[in-house]
Amino acid sequence: YAPSTSLLLSSRVTEDAERLRASGLSVAVLPIPDPSNFANKLYAELRRLDKLNVDVMVVERPSTDGIGKAILDRLTRASAGSPLRSHPEK
């Protein structure tokens, strides 16, 4: 699933969301507190945020341990057409 809303993968979700809001964009945030539980609802959550009709969804970059690696792969693919794509990891 590739959302029609721009998707920004971020290691600094709060800061990036605030920066985007300050520039006049509407933003939805998707944290990933527990990758093992999040994996089952990844696409449902992306669809839910897509329906909010915001300018940008900022999604927390998951760890690359275990299932996090697979989630990161799916999110990277989902953000492929987004102009904001991804914030490099520090």
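Hydrogens, waters and symmetry mates are skipped; everything else that's a heavy atom, side chains included, is used.
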Between [X] and [Y], does at least one N-O distance fall below 4.0 Å, as a salt bridge requires?
X	Y	value
R48	E45	yes
D73	R77	yes
R47	D50	no

Inset, instruction - Take V58 and T14 through the test side chain to side chain contact (heavy atoms under 4.5 Å, CB included) and record every step on the way to the result. - result: CA-CA 9 Å; V58 179; T14 302; over 6 Å; no
List the atom of [X], the atom of [Y], and the distance in Å for their closest heavy-atom pair.
X	Y	answer
P31	F38	O-CE1, 4.2 Å
P62	G68	CG-O, 3.7 Å
V27	R21	O-NH2, 3.4 Å
V56	L25	CG2-CD1, 3.9 Å
E60	P33	OE1-N, 4.4 Å
V29	A17	CG2-CB, 3.8 Å

Inset, instruction - Apply the side chain to side chain contact (heavy atoms under 4.5 Å, CB included) test between L30 and each candidate in L49, L7, V13; give the one that qualifies. - result: L49
Non-hydrogen side-chain atoms of [X] and [Y] separated by less than 4.5 Å:
X	Y	value
R74	Y1	no
L46	M57	yes
N53	T5	no

Legend entry - Flag, side chain of D55 to backbone of S26, donor-acceptor distance under 3.5 Å: yes
Inset, instruction - Check step by step if side chain to side chain contact (heavy atoms under 4.5 Å, CB included) holds for R61 and S10. - result: CA-CA 5 Å; R61 180 183 296 275; S10 175; 6.0 Å; no
Legend entry - Nearest-0.5 Å distance, CD1 of residue I67 to CG of residue L42: 10.0 Å
